[in-house]
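For reference, the structure discussed in these notes is given below.
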Amino acid sequence: TLGYAMEGSWGQHLDLELYNDIQAELEDIKLGIVDNWLGDGPLAGGYGRAFKQGQREPQNLLIFKDHASMLKSIAESTAIRSNGHAWCTADNADCVGNTLERTRCGNCNNAVIGPRHTHIYQRLYDDLKELLHCPDIGEGGRQRVERDLNRCRDVLIQLGMAPEALIV
């Protein structure tokens with residue numbers, strides 16, 4: 001938003017020092033997020049799975065001179081936004097998880113779901129299990145609940161939860 005505000009004459013009224021402070025804070029946040037992704041913890045979501053797979057391939061690590069340059073390169077080249085239940089790397093209108101169907105992030109190629117999101121998916125899973133037994137949701141409702149239960153279950157398994165702990 002501030003980047004757009006810098007355009008034209010209106011931007012002349014901005015406090016450039018404040019703008020630079022905000023930009024530096026954003027860069028620090030993104031570096032911290034990517035550093036977490038590079039850790040030992042599992043990642044779910046399409047981008048998260050691809051990220052972990054690429055991390056295992058030695059030739060991908062050879063293109064960086066050190067860990068710090070790898071962090072900086074990934075953080076600068078990747079759009080990263082939180083939608084509360086995943087990190088979204090879509091840099092255009094391709095985000096599918098900012099709707100009522102938050103469970104779609106599990107299969108989205110732009111999503112990174114990390115251990116910090118586990119409690120969200122666990123709560124969704126638990127709430128959906130209760131909904132499944134409601135007699136008045138109809139067949140369409142039951143199918144949607146089952147679909148979303150399976151999506152949450154897949155995410156939780158990718159994040160390291162034992163499948164047998166996720167029995168409906």
Side-chain angles (χ1 to χ4, degrees), residues 1-7 11 14-99 101-126 128 148-166:
T1 302
L2 288 175
Y4 291 117
M6 294 300 293
E7 299 296 321
L14 287 178
D15 181 345
L16 290 179
E17 187 176 329
L18 176 62
Y19 176 81
N20 288 333
D21 287 347
I22 293 169
Q23 185 64 36
E25 183 70 22
L26 176 63
E27 290 169 4
D28 286 347
I29 291 168
K30 287 179 70 172
L31 283 171
I33 292 165
V34 173
D35 194 30
N36 282 332
W37 293 354
L38 288 169
D40 293 333
L43 295 176
Y47 193 91
R49 289 187 307 270
F51 190 87
K52 282 298 185 180
Q53 183 63 38
Q55 188 179 2
R56 292 184 196 111
E57 297 174 13
Q59 68 270 21
N60 290 341
L61 300 177
L62 294 175
I63 61 174
F64 302 103
K65 66 178 185 174
D66 57 24
H67 184 77
S69 63
M70 179 171 55
L71 275 178
K72 187 173 191 229
S73 177
I74 294 169
E76 287 177 352
S77 65
T78 306
I80 302 172
R81 291 178 313 284
S82 173
N83 58 21
H85 55 277
W87 295 109
C88 181
T89 64
D91 58 359
N92 50 30
D94 287 342
C95 182
V96 298
N98 285 333
T99 65
E101 288 190 63
R102 292 190 162 97
T103 59
R104 292 175 71 184
C105 289
N107 290 323
C108 176
N109 289 333
N110 298 307
V112 178
I113 304 168
R116 71 182 299 166
H117 301 108
T118 302
H119 71 282
I120 295 168
Y121 285 87
Q122 182 66 59
R123 180 61 187 256
L124 276 169
Y125 184 82
D126 293 342
L128 288 164
D148 289 351
L149 261 171
N150 287 328
R151 287 176 175 174
C152 289
R153 183 178 190 277
D154 289 345
V155 167
L156 290 167
I157 290 170
Q158 290 171 44
L159 292 175
M161 189 166 284
E164 55 275 2
L166 299 167

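The structure presented is a predicted model; accordingly, all values stated were derived computationally and were not measured. Computation of the quantities below employed the complete heavy-atom set of this structure, encompassing side-chain atoms and omitting hydrogens, waters and symmetry-equivalent molecules.
- Looking at heavy atoms from C-beta onward, L38 lies in side-chain contact with H67 at the 4.5 angstrom threshold.
- Using modelled atom types, one side-chain atom of R81 and one backbone atom of A90 make a donor-acceptor pair closer than 3.5 Å.
- Expressed to the nearest 0.5 Å, how far CD1 of I120 lies from OG1 of T103 amounts to 13.0 Å.
- Surrounding NZ of K72 are at most 12 heavy atoms belonging to other residues, nucleotides or ligands under 6.0 Å away.
- The two residues T78 and K30 make their nearest non-hydrogen contact at O-NZ, 2.8 Å.
- Looking only at side-chain heavy atoms (C-beta outward), C105 and R151 stay at 4.5 Å or farther from each other.
- Between atom CG of residue N150 and atom CG of residue N107 there is a gap of 10.5 Å, rounded to the nearest 0.5 Å.
- For the pair R153 and L149, the minimum side-chain heavy-atom distance is 4.5 Å or more.
- In terms of heavy-atom proximity, V112 sits nearest to G48 at CG2-N, 3.8 Å.
- In this structure, the side chains of I80 and W37 come closer than 4.5 Å at one or more pairs of heavy atoms.
- Contact annotation: the side chain of I33 approaches that of W87 to within less than 4.5 Å [non-hydrogen atoms, C-beta and beyond].
- Residue D148 holds its CG atom at 10.5 Å from OH of Y121, rounded to the nearest 0.5 Å.
- For the atom pair L156 CG and Q158 CD, the distance stands at 9.5 Å (nearest 0.5 Å).
- In plain terms, the two heavy atoms of L128 and C152 that are nearest each other are CD1-SG, 4.1 Å.
- Of the possible donor and acceptor atoms, one in the side chain of S69 sits under 3.5 Å from a partner among the backbone N and O of D66.
- For the pair R123 and D126, the salt-bridge criterion is not met [side-chain N within less than 4.0 Å of a carboxylate O].
- A donor-acceptor pair under 3.5 Å is absent between the side-chain atoms of K52 and the main chain of L43, judged by distance alone.
- Between M70 atom CE and D35 atom CG the span is 9.0 Å, to the nearest 0.5 Å.
- For the pair L159 and P42, the tightest heavy-atom approach, listed with the atom from each and the gap, is O-CG, 3.3 Å.
- A pairwise comparison of heavy atoms in H117 and H85 identifies CD2-C, 3.4 Å as the closest pair.
- Side-chain contact between L124 and V155: absent, with no pair of heavy atoms (C-beta onward) separated by less than 4.5 Å.
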